[in-house]
Amino acid sequence: MIIRDQIERVVSAALHEAQASGALPPAHWEGGGSVERPQKAEHGDFASSLPLRLARQMRMSPMAIAERIAEQAPAREPVSRVWTAPPGFVNFELDRGWLASQVDAIREAGAGFGEIEAGDGVRAQVEFVSVNPTGPVHAGHARGAVVGSALANILEAAGFDVQREYYVNDAGSQMEAFNVSLLARYLQLFGVDAEIPEDGYQGSYMADLAEEIRQEVGDEFVSMAAESAAARIGEIGLRRMIEMIREDMRSLNVEYDRWFSERSLFDGGQYHRVLDLLREGELLVERGGATWFLSSALGDDEDKVIVRKTGAPTYFATDVAYHYNKFFEREFDRVIDVLGADHQGHVRFMKAFTSALNVDADRLDLLIYQLVTLKRGSETVRLSKRTGNIVTLRELVEEIGPDACRFFFLSKAPGSQMDLDLELAKRESEDNPVFYIQYAHARIAGILREARERGIDFEDGGVSLLTHDAELELIRRMTQLPEVIGMIAESLEPQALPHYALDLAKSFHPFYQQCRVVSQDPNDLALTKARLKLVDAVRVVFARCLSLMGMSAPERM
RNA sequence: GCGCUUGUAGCUCAGUUGGAUAGAGCGCAGCCCUGCGGAGGCUGAGGCCGUGGGUUCGAGUCCCGCCAAGCGCGCCA
């Protein structure tokens, strides 16, 4: 149960009570959304601005309304005090005894702490990264990987039934260019004068891949007809590329539930089914030998070619089929596509065809993250997969580590543009908030080790002894995690989580400074036990945050 | 040119969906170790929230213009 919702309910009940008794006039209010965490501690734990919002309708001063509501809001658990403040707030303070009791509640919830029911078991799919399997994943894609995977974790905690998916573009012209390029590299190993096509992949990784394949199959493809050789060697190359990408993702602590093949859309018949659907809807038209989708009629800025005059489908076609598959065949209630800003222009098209398929707009979320500009010092690093001049995701992770990398990308709003200076990244990561958070977790682990060595069993500790301001501040902070998770599930902007973890660490370190946990004095045993319970609860919350962010929670550093 | 996104402290960025005196980290200037991990704690300086209008009890947050930056505008994906 999110405490803010409880307060919201108290406010709402008080309002109705005041209206029923005639103290306040009737008013139209949708309810909810008026309660927030004030910035200043002196304003309490929660504040409602409802009186300010109702003043006009009720033709009363906000302060008068606040008074009437406050009168009807009982100061009983979890609230200990209700008061009004100008220009028209109703403030609430949480009961200190109730706060202390949350320590037991958090320890009991354990790794499940923070779970809420907002998602209500809704089947949600998060698709992210999905770069073409024609080369290594570059460093800029780390942002999508981190945002997508963390979001999936958080949605799961918020009660959604989540599936993480990678869409493998194993069909289409880029794949053909990959096949031909790979065959050329392979033939070169045998002294054959084969040229990599203009639009092919020039990167040196292609030569490495060709060499691996030569070692595996020998000269099998040398004498084969070019077309079938390209297809065959491409098949082997594709498998290896996918495996490589899977390892790239693992280096960032990203695991997928499913790798979905674009090609399977043709095998499974979705492609033809969708074209028929669009044709029945009279949304397809032949122009210049090609088939066009009239997406401009549905809000897109221009019509799109669905089938080329060569008869080959464009990626627009397969994307429609893919989403048809997501919504109608696999029946996801909700689909979230995490896309780089270079796919911005695709958004209107996707909105257009989903509306053509009669999918409610709110079932599809397109989360666009801004591209990362890679730099070395003041030098901008140009990224191009085809020329092979790339900084790979693996290089980035090896240089600054997966935890710093994840925190770095996660702590910024996906929509904000950012530079990543590779030379500074490592140096900064050593003086990074990441360590501030992980250090707190390691400190707690150290305290619990100490207690264990002394043979202190604190299961019977009484949390009511937790009355120090630093202790209560820490508990207040811990109780916010469910709210943070709920907020992120709503906004799909995960940056609140790393900032929350930072706030928790900021509450923990002063506590540590002021409150000795394991006392040397045997007379303090009761307090020692209570504080051991407290730090154990804090450990639970840190571990939960770090795990949701896909980061490690070290016992020692 | 058109479209989408962004502009907050010296630097990197938050800002709880329109609320009370705009926050953090780094950097800078100081202070704090007879004890569980100093990768820590405390204090201070630093702001016309790009800019000009508008909406209202109230705007960093919403709307419009302008300026600047990133991305997009292929029968590539």
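Naming convention: chains lettered A, B, ... in sequence-line order (proteins, then strands); numbering from 1 in each chain.
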Enquirer: With a 4.0 Å heavy-atom cut-off, tell me which residues in residues 512-520 of chain A come close to RNA chain B, sorted by residue number.
Expert: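 Of all residues in residues 512-520 of chain A, the ones placing a heavy atom under 4.0 Å from RNA chain B are A:Y512, A:Q513, A:C515, A:R516, A:V517, A:V518, A:Q520.
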Enquirer: Would you mind checking if A:E165 and A:K326 are paired as a salt bridge, meaning a charged N to carboxylate O distance below 4.0 Å?
Expert: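 No salt bridge links A:K326 with A:E165.
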Enquirer: Quick check: any donor-acceptor pair below 3.5 Å linking the side-chain of A:N91 to the base of B:rA20?
Expert: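 Present.
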Enquirer: For A:D365, give me all partners under salt bridge (Lys or Arg N to Asp or Glu O under 4.0 Å), at least two apart in sequence or on another chain.
Expert: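 If we apply the salt bridge (Lys or Arg N to Asp or Glu O under 4.0 Å) test to A:D365, skipping adjacent residues, the hits are A:R334.
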Enquirer: Tell me which nucleotide, if any, is Watson-Crick or G-U wobble paired with B:rG52 when both distances must be under 3.5 Å.
Expert: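 B:rC64 - that is the nucleotide pairing with B:rG52, both distances being under 3.5 Å.
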Enquirer: How close do A:A505 and A:A440 get, counting heavy atoms only, and between which atoms?
Expert: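 Where A:A505 meets A:A440 most closely, the heavy atoms are CB-CB, 4.4 Å.
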Enquirer: Under 4.0 Å between a side-chain nitrogen and a carboxylate oxygen: does that hold for A:K533 and A:D536?
Expert: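 A:D536 and A:K533: not salt-bridged.
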Enquirer: Given B:rG38, B:rG18, B:rG41, which nucleotide is nearest the side-chain atoms of A:Y439?
Expert: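 When the side chain of A:Y439 is considered, B:rG38 is the closest of B:rG38, B:rG18, B:rG41.
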Enquirer: Quick check on contacts: within residues 479-496 of chain A, what sits under 4.0 Å from RNA chain B by heavy-atom distance?
Expert: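 Residues of residues 479-496 of chain A that come under 4.0 Å of RNA chain B are, in numerical order, A:M487, A:E490, A:S491, A:Q495.
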Enquirer: Report the glycosidic orientation of B:rU55: syn if within 90° of 0, anti in every other case.
Expert: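 Glycosidic conformation of B:rU55: anti.
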Enquirer: Under the rule syn = chi within 90° of 0, otherwise anti, which is B:rC42?
Expert: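 Anti conformation for B:rC42.
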Enquirer: A:A341 side chain: which of B:rC13, B:rU5, B:rC71 is closest?
Expert: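 Of the candidates, B:rC71 comes closest.
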Enquirer: Please report the distance, rounded to the nearest Å, between NE2 in A:H441 and P in B:rG40.
Expert: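 Rounded to the whole Å, the gap is 17 Å.
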Enquirer: Report the relative orientation of the aromatic rings in A:F508 and A:F542; use parallel for angles under 30°, tilted for 30 to 60°, perpendicular for over 60°.
Expert: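 Rings of A:F508 and A:F542: perpendicular, over 60°.
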Enquirer: Would you list the atom pairs, donor with acceptor, under 3.5 Å between side chains in residues 38-45 of chain A and any protein atom, with sequence neighbours excluded?
Expert:
residue: A:D45; atom: OD1; partner: A:R476; partner atom: NE; Å: 2.6
residue: A:D45; atom: OD2; partner: A:L94; partner atom: N; Å: 2.6

Enquirer: Can you name the residues that form a ring pair (Phe, Tyr, Trp, His ring centres under 6.0 Å) with A:H346, not counting sequence neighbours?
Expert: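 With sequence neighbours excluded, A:H346 shows a ring pair (Phe, Tyr, Trp, His ring centres under 6.0 Å) to A:Y315, A:F316, A:F349, given in chain and number order.
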Enquirer: Who is the Watson-Crick or G-U wobble partner of B:rG25, with both distances under 3.5 Å?
Expert: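 Pair assignment: B:rG25 / B:rC11.
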Enquirer: What residues form a side-chain contact (heavy atoms from CB on, under 4.5 Å) with A:Q344, not counting sequence neighbours?
Expert: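 Residues passing side-chain contact (heavy atoms from CB on, under 4.5 Å) with A:Q344: A:V347, A:I368.
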Enquirer: Applying a 3.5 Å limit to both distances, which nucleotide forms a Watson-Crick or G-U wobble pair with B:rG3?
Expert: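 Base-paired to B:rC71.
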Enquirer: For a quick check, tell me whether the side chain of A:Q174 and the base of B:rC76 share a donor-acceptor pair closer than 3.5 Å.
Expert: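 Looking at the base of B:rC76, it does pair with a donor or acceptor on the side chain of A:Q174 (distance under 3.5 Å).
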Enquirer: Should A:R287 and A:D303 count as an ion pair when the cut-off is N to O under 4.0 Å?
Expert: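 Between A:D303 and A:R287 there is a salt bridge, with a charged N closer than 4.0 Å to a carboxylate O.
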Enquirer: Could you please name the option among B:rG37, B:rG70, B:rA20 that lies closest to any side-chain atom of A:Q39?
Expert: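 The answer is B:rA20.
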